[in-house]
Undergrad: 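Okay, handing you the structure first.
Everything quoted here is computed from the prediction, not taken from an experiment.
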Amino acid sequence: MPTNKEVRVRFAPSPTGDLHVGNIRTALFDWAYARHTGGKFIFRIEDTDRERVTDEYIAAALDTLRWLGLQWDEGPEVGGPFGPYMQSQRLDIYAEWAQKFLDQGDAYYCYCSSEELEARREAQRAANVAPGYDGKCRNLSPEELAAFLAEGRKPVVRMRMPDGHTTFTDLIRGEVSFDHNFVPDFVLVRGDGSPLYTLAVAVDDVMMKITHVLRGEDLLSSTPRQIRVYQAMGLSEAEYPEFAHLPFVMGQDNAKLSKRNGEVSIAWYRDAGYLPEAICNYLALLGWSPGDDREDVSREEIAQLFTVERVHSSPARFDMKKLEAINGDKIRALDLEDFLARVLPFLKRDDVVTGTEAELSVVRQALPLIQERIATLAEVTQMVKFLFVEDFVVDVDSAPKIADEQSQSVLKAALVALETLSDWSHEAIEAALRATLIEGLGLKPRIAFGGVRIAITGSHISPPLFESMELLGRERSLARIKASIA
RNA sequence: GGCCCCGUCGUCUAGCGGCCUAGGACUCUGGCUUCUCAAGCCAGCUACGAGGGUUCGAAUCCCUUCGGGGCUACCA
């Protein structure tokens with residue numbers, strides 16, 4: 001156990017697409033652990049697979065982490081003493097180590113073709129033997145070697161797994177052991193000379209002095225290979241990083257989270273109006289808990305309370321309903337100016353406002369009315385749109401509801417009551433409508449105000465009616481009621 | 001198939017041998033409040049996968065079993 005060493009944790013995604021919920025949960029835990037221990041949070045991009053990782057995805061990953069407020073101490077853009085932090089810029093380092101392993105006899109060239117390997121694996125499966133590399137090229141005779149070279153074969157570099165087993169202590173799962181009979185010799189360098197994850201990840205973790213590897217449990221069974229590379233690099237067991245394999249975040253149907261069983265891309269949640277602090281709060285609760293019954297935690301509190309000991313070993317299902325509930329809570333907790341700032345990009349995006357002072361003033365007055373009525377920021381549009389539209393029309397679904405005789409007579413009565421009203425405050429409007437419709441016509445409030453609401457806001461769901469009318473103003477309110485009378 | 005990981009309400013979880021007739025949150029249901037929708041408040045439904053042990057005592061420890069997942073690549 002490294003005790004007085006500074007803790008260094010890395011988040012090292014391979015951006016083959018938009019960062020998804022699972023990536024971010026890992027990033028959050030990495031970040032929280034680093035912050036909790038007063039250590040460093042390192043962000044590294046694993047882009048050795050250049051077929052699948054693109055610059056756009058890398059840029060999006062940086063943006064997403066920043067948006068979530070997971071500030072990294074070392075990594076792309078900020079640099080650091082152990083850079084570069086993009087694996088594609090460290091190719092020479094991996095090549096050097098591979099050569100060293102070759103020289104030491106820890107690794108060897110393997111000339112087997114993909115087709116040959118596949119055929120042999122098939123045979124192993126058929127014979128019910130553990131599939132994996134059979135060690136054919138471990139000790140090639142000079143004649144065999146010469147024959148392969150004459151064929152012009154491009155060899156891969158393969159790590160030699162000695163007999164025995166690898167045992168390590170996972171901070172979350174306890175002692176885990178793998179028999180090397182089930183950990184075949186693995187490839188370090190491709191035929192074209194490019195490194196594989198297994199080589200790059202181990203080399204980088206050592207060279208970047210990573211002390212704790214918190215990552216997804218899908219990497220658990222690759223840990224013996226990673227440890228094998230440490231050994232070849234000359235590390236003693238005490239120098240290995242600690243491992244903690246985080247449980248998966250899964251979809252509702254217990255399958256890996258995917259497009260089919262819930263939205264995965266963090267970008268989607270951002271566009272839908274989820275707050276970064278809500279996402280962090282919710283994700284923190286997936287596989288971890290503070291221990292008491294507390295569920296409302298800020299990023300800072302997560303950092304303060306987070307310990308690996310409290311991380312679960314069992315997978316968690318992602319529940320959008322719960323995220324939504326937390327998001328609603330976080331929205332309600334926003335102060336007015338903050339709320340306005342968050343909501344404005346959505347109003348502009350949806351062409352509700354352009355951002356003039358006059359518009360902002362109205363929005364500012366409307367926000368307190370809707371703050372407890374929305375669960376995501378994007379919903380703000382449908383709630384306040386009626387205050388800004390030039391050519392107002394009632395929703396097609398709601399229009400028929402005010403076309404009947406009773407509704408029409410209510411609207412007419414309301415119009416009469418309001419036309420003579422001099423004070424256009426919501427109190428006065430309410431008093432006038434109550435006097436006329438409730439007391440005068442003996443209607444139930446629900447019936448009385450329902451029609452007016454539709455005429456004014458265009459929908460049967462809206463912010464409180466009288467405040468809405470006050471905000472809309474006398475002219476437009478009366479015009480809308482008139483327009484709805486056939 | 002083999003190796004490895006995992007198993008408390010529908011979901012996230014508390015629980016680390018007695019405080020558990022199993023607590024909280026989300027969801028759902030019913031009610032209150034109410035100008036709609038929300039929010040808020042109150043109430044309710046529902047769980048230790050199964051079977052064996054160990055123990056005075058087990059959700060908690062052990063074994064088996066069943067179920068779920070991961071890995072088994074010149075992906076990560």
Undergrad: Take A/Arg52 and A/Phe466, find for each the nucleotide of RNA chain B with the closest heavy atom, and name the residue whose nucleotide sits nearer the 5' end.
TA: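 It is A/Phe466, whose closest nucleotide lies nearer the 5' terminus.
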Undergrad: Just checking A/Leu219: base, sugar-phosphate only, or nothing, at a heavy-atom cut-off of under 4.0 Å?
TA: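 A/Leu219: base contact, heavy atoms under 4.0 Å.
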Undergrad: Whole angstrom is fine here: how far is it from CZ in A/Arg310 over to P in B/rC12?
TA: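 Distance, rounded to whole Å: 16 Å.
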Undergrad: For A/Asn281 and B/rU13, what is the distance between atoms CG and C1' respectively, to the nearest whole Å?
TA: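 A/Asn281 atom CG is separated from B/rU13 atom C1' by 14 Å.
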Undergrad: Going by the angle between their ring planes, with limits at 30° and 60°, are A/Trp97 and A/Phe101 parallel, tilted or perpendicular?
TA: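 It falls in the tilted class, 30° to 60°.
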Undergrad: Check every strand shown and say whether A/Tyr282 touches a base, only sugar-phosphate, or nothing at a heavy-atom separation below 4.0 Å.
TA: nothing
Undergrad: Mind checking if A/His245 touches a base, just sugar-phosphate, or nothing, with heavy atoms under 4.0 Å?
TA: nothing
Undergrad: Separation of A/Phe186 atom CZ from B/rA76 atom P, in whole Å?
TA: 13 Å
Undergrad: Base, sugar-phosphate, or nothing for A/Leu286, non-hydrogen atoms under 4.0 angstrom?
TA: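 Answer is sugar-phosphate: A/Leu286 comes under 4.0 Å of backbone atoms only.
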Undergrad: Return the value, rounded to whole Å, for the distance between atom CG of A/Asp218 and atom P of B/rG68.
TA: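 Taking CG of A/Asp218 and P of B/rG68, I get 20 Å after rounding.
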Undergrad: Could you check whether A/Arg294 gets within reach of a base, just the sugar-phosphate, or nothing at all, counting any heavy atom under 4.0 Å?
TA: nothing
Undergrad: Going by an N to O cut-off under 4.0 Å, is there a salt bridge joining A/Asp395 and A/Lys401?
TA: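 Salt bridge flag = no for A/Lys401 with A/Asp395.
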Undergrad: Give a yes or no on whether a salt bridge exists between A/Arg215 and A/Glu46, defined as a side-chain N under 4.0 angstrom from a carboxylate O.
TA: no
Undergrad: Is A/Gly287 touching bases, backbone alone, or none of the nucleic acid, heavy atoms closer than 4.0 Å?
TA: sugar-phosphate
Undergrad: Give one of base, sugar-phosphate or nothing for A/Glu379, where a contact means two heavy atoms less than 4.0 Å apart.
TA: nothing
Undergrad: Nearest whole angstrom, please: distance from the C1' of B/rC74 to the CG of A/Leu188.
TA: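 So the CG-C1' distance, A/Leu188 to B/rC74, works out to 11 Å.
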Undergrad: Taking atom P in both B/rG24 and B/rC42, what distance in whole Å separates the two?
TA: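 Roughly 12 Å separates the two P atoms.
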Undergrad: Please report the distance, rounded to the nearest Å, between CG in A/Leu220 and P in B/rC5.
TA: 7 Å
Undergrad: Determine the Euclidean distance between corresponding P atoms of B/rU64 and B/rA14; express it in Å to zero decimal places.
TA: 26 Å
Undergrad: Heavy atoms only, 4.0 Å cut-off, all strands: where does A/Thr198 land among base, sugar-phosphate and nothing?
TA: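 Here A/Thr198 touches no strand at all.
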Undergrad: By the 4.0 Å heavy-atom rule, please label A/Pro445 as base, sugar-phosphate, or nothing.
TA: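 Sugar-phosphate, backbone atoms only, no base.
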Undergrad: Salt bridge check, A/Lys136 against A/Glu116: does any charged N sit closer than 4.0 Å to a carboxylate O?
TA: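 Looking at A/Lys136 together with A/Glu116, the answer is no, because their closest N to O distance does not fall below 4.0 Å.
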Undergrad: Using the C1' atom as the point on both nucleotides, what is the distance between B/rU21 and B/rC48, in whole Å?
TA: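 14 Å, rounded to whole Å.
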Undergrad: Got a sec, which pairs hit salt bridge (Lys or Arg N to Asp or Glu O under 4.0 Å) with one end in residues 434-444 of chain A, sequence neighbours left out?
TA: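 Salt bridge (Lys or Arg N to Asp or Glu O under 4.0 Å) check on residues 434-444 of chain A returns A/Glu430-A/Arg434.
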Undergrad: Please report, rounded to the nearest Å, how far the P atom of B/rU72 is from the CD atom of A/Glu118.
TA: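 My rounded result for the distance is 13 Å.
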Undergrad: Kindly assign one of parallel, tilted or perpendicular to the pair A/Phe43 and A/Trp72, based on the angle between their ring planes and the thresholds 30° and 60°.
TA: perpendicular
Undergrad: Taking atom C1' in both B/rU60 and B/rA22, compute the distance separating them and give it to the nearest angstrom.
TA: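 Straight-line distance between the two C1' atoms is 12 Å.
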Undergrad: With a 4.0 Å cut-off on heavy atoms, is A/Arg125 in touch with a base, just the backbone sugar-phosphate, or nothing at all?
TA: nothing
Undergrad: Is there a donor-acceptor pair closer than 3.5 Å between any side-chain N or O of A/Glu470 and the backbone N or O of A/Trp424?
TA: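 No; judged by distance alone, with no hydrogens or angles, the pair does not exist.
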Undergrad: B/rA59 and B/rA73: how far apart are their C1' atoms, nearest whole angstrom?
TA: 41 Å
Undergrad: Please tabulate, one pair per line, each protein N/O and nucleotide N/O from nucleotides 26-29 of chain B that are separated by under 3.5 Å, including the distance.
TA:
{"unit_1": "B/rC26", "atom_1": "O2'", "unit_2": "A/Lys322", "atom_2": "N", "d": "3.4"}

Undergrad: Let me spell it out: for each of A/Phe449 and A/Lys154, pick the nucleotide of RNA chain B with the closest heavy atom. Which residue's pick is nearer the 5' end?
TA: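 Between the two, 5'-proximity favours A/Phe449.
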Undergrad: Have A/Ser194 and A/Arg190 got a donor and an acceptor in their side chains that come within less than 3.5 Å?
TA: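 Yes - a donor-acceptor pair under 3.5 Å links their side chains.
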Undergrad: Say we look at B/rG70 and B/rA50: how far apart would their C1' atoms be, to the nearest angstrom?
TA: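 B/rG70 and B/rA50 have their C1' atoms separated by 24 Å.
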Undergrad: What is the nucleic acid contact for A/Gly191, judged by heavy atoms within less than 4.0 Å: base, sugar-phosphate only, or nothing?
TA: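 Answer is base: heavy atoms of A/Gly191 come under 4.0 Å of a base.
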Undergrad: Please work out if A/Thr457 contacts a base, only the sugar-phosphate, or nothing of the nucleic acid, heavy-atom cut-off 4.0 Å.
TA: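 Nothing, no heavy atom under 4.0 Å.
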Undergrad: With sugar-phosphate meaning primed atoms plus P, OP1 and OP2, does A/Val156 contact a base, only sugar-phosphate, or nothing at under 4.0 Å between heavy atoms?
TA: base
Undergrad: From the options B/rA73, B/rA76, B/rC35, select the nucleotide whose nearest atom is closest to the side chain of A/Arg121.
TA: B/rA73
Undergrad: Can you check the distance between B/rU13 and B/rG18, where both ends of the measurement are the C1' atom (answer in whole Å)?
TA: 23 Å
Undergrad: Could you check whether A/Gly216 gets within reach of a base, just the sugar-phosphate, or nothing at all, counting any heavy atom under 4.0 Å?
TA: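 Touches nothing.
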Undergrad: For the pair A/Glu324 and A/Lys321, find out whether any cationic side-chain nitrogen is under 4.0 Å from an anionic carboxylate oxygen.
TA: no
Undergrad: Can you tell me how far C1' of B/rC12 sits from CZ of A/Arg25, to the nearest Å?
TA: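 My rounded result for the distance is 12 Å.
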Undergrad: Using salt bridge (Lys or Arg N to Asp or Glu O under 4.0 Å) as the criterion, list what pairs up with A/Glu372, not counting sequence neighbours.
TA: none
